[in-house]
Amino acid sequence: MENTEKKQVVFSAIQPSGTITLGNYLGAVRNWVTMQEEYNCIYALADLHTITVRQNPAQMRRNILDAYASIMACGIDVEKSIFFIQSHVHTHAEIAWILNCYTQFGELGRMTQFKDKSAKHADNINAGLFTYPVLMAGDILLYQADKVPVGADQKQHIELTCDVARRFNGLYGDVFKIPEGFIPQNGARVMSLQNPLNKMSKSDENVNGCVHLLDPPEVIMRKFKRAVTDSDACVRYAEGKDGVNNLMTIYGAVTGKSFEQIEAEFAGKGYGDFKAAVGEAVVEELRPIRERYEQLIKDKAYLEECYRKADETALKISSRTLGKVMKKVGFIR
Ligand code: TRP
């Protein structure tokens with residue numbers, strides 16, 4: 001590993017709140033894999049974030065291990081990158097408390113995700129849901145990250161992270177690197193196959209709306225065959241054709257073909273052919289991932305070895321920043 005010092009640091013995290021979906025894969029994880037070549041990558045399972053919404057403990061344990069194995073199966077190389085579990089690294093909860101004292105109530109009240117989530121979980125608008133972006137800011141700032149790839153829905157949280165970091169630096173000097181959030185260009189925004197105006201989500205009411213990374217081929221094919229399209233009966237990317245646009249986005253992301261190429265390929269063909277082709281392309285893309293997952297999930301000892309090692313490294317790096325922060329604030333060391 002030469003030139004390690006010169007490489008920029010990338011940090012990102014994903015919540016293990018259920019299975020990993022095709023949307024998570026094409027929108028985020030696949031890009032995490034690519035970035036391993038060029039950057040020093042630090043990735044986390046943000047399980048502390050997950051409990052802002054009530055979880056079943058046994059299910060949550062399964063989800064965490066499953067997500068860890070799934071993401072490794074996508075191609076995260078634990079020799080190259082640090083892939084750890086947030087709750088195993090105590091510096092995250094600690095810095096979150098400190099940063100809470102440097103974040104204003106009004107700022108957090110403006111977060112659109114908080115507004116959406118509190119409307120959705122009206123019976124449990126807990127303080128964690130409110131301060132969720134501060135924990136996220138801590139995740140990023142602890143590692144002095146240069147770049148943070150995120151989905152469009154997290155952009156506002158990155159802006160808040162930068163605001164809090166600048167405020168802290170303004171008071172105490174250069175403690176935090178100001179990170180740059182970005183939405184990966186090749187990260188596809190995948191929508192529900194049943195309601196293409198909504199993001200593909202594991203909590204979709206209609207099971208056919210969401211493809212899971214580990215869905216068997218026949219299930220994937222069935223979901224694509226049932227995907228919502230329109231009455232235009234023409235494969236082309238255009239406004240108002242949300243279902244077809246989404247299928248084209250998925251097909252393009254998986255095959256590398258442009259929209260023009262896809263339109264040419266399916267000129268004169270019906271949606272039936274098109275949907276089958278998208279399904280098959282996705283099946284082939286996910287096949288090696290599912291096979292690798294099946295091997296990994298059988299070997300719990302190996303998985304544990306991987307995350308223990310990553311947790312330790314993450315603790316070492318993040319402790320440097322936390323120590324600095326605590327000293328600046330005025331705690332006795
Ligand atoms: N909040 C992010 C999401 O739900 C996950 C996350 C937690 C994250 N901490 C992060 C993403 C730090 C980027 C950086 O998608």
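Treat the numbers as computed from the prediction; the structure is a model and nothing was measured. All ligand and atom numbering here is 1-based and tracks the order in the structure.
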_Identity and distance of the protein heavy atom lying nearest atom 5 (C) of ligand 1_ = Ala13 O, 3.5 Å
*For Tyr132, is at least one N or O under 3.5 Å away from an N or O on ligand 1?*
yes
_With a 4.0 Å cut-off on N to O distance, would you call Arg167 and Glu107 a salt bridge?_
yes
*Does Gln86 approach ligand 1 within less than 4.0 angstrom via side chain, backbone, both or neither, non-hydrogen atoms only?*
neither
*Asp153 and ligand 1 - part of the residue with a heavy-atom distance under 4.0 Å*: neither
*Looking only at protein heavy atoms, identify the closest one to atom 9 (N) of ligand 1 and say how far it is in Å.*
Asp139 OD2, 2.7 Å
*is_close_aromatic(Phe84, His92), centroid dist under 6.0 Å*: yes
*asked:* Taking the ring of Phe168 and the ring of Phe176, is the distance between their centroids below 6.0 Å?
replied: yes
*Quick one: look up the protein heavy atom nearest atom 12 (C) of ligand 1 and list residue, atom name and how far away it is.*
Phe11 CE2, 3.5 Å
*Return the minimal non-hydrogen interatomic distance between Leu108 and Pro133, and the atom names on each side.*
CD2-CG, 3.9 Å
_Closer than 4.0 Å to some heavy atom of Val150 - which atoms of ligand 1 meet that?_
13 (C)
*asked:* Using the side chain to side chain contact (heavy atoms under 4.5 Å, CB included) definition, which of the options Thr161, Val134, Val325 pairs with Leu99?
replied: Val134
*Any N or O of His157 that comes nearer than 3.5 Å to an N or O of ligand 1?*
no
*For Ala46, atoms of ligand 1 separated by under 4.0 Å from a heavy atom*: 7 (C)
*Passing candidate, side-chain hydrogen bond (donor to acceptor under 3.5 Å, both in side chains) with Tyr25, options Arg30, Glu285, His212*: Glu285
_Stacked cation flag Lys275 on Tyr271, 6.0 angstrom / 45 deg_ = no
*May I ask you to identify, for Val148, whether its side chain, its backbone, both or neither come under 4.0 Å of ligand 1 on a heavy-atom basis?*
side chain
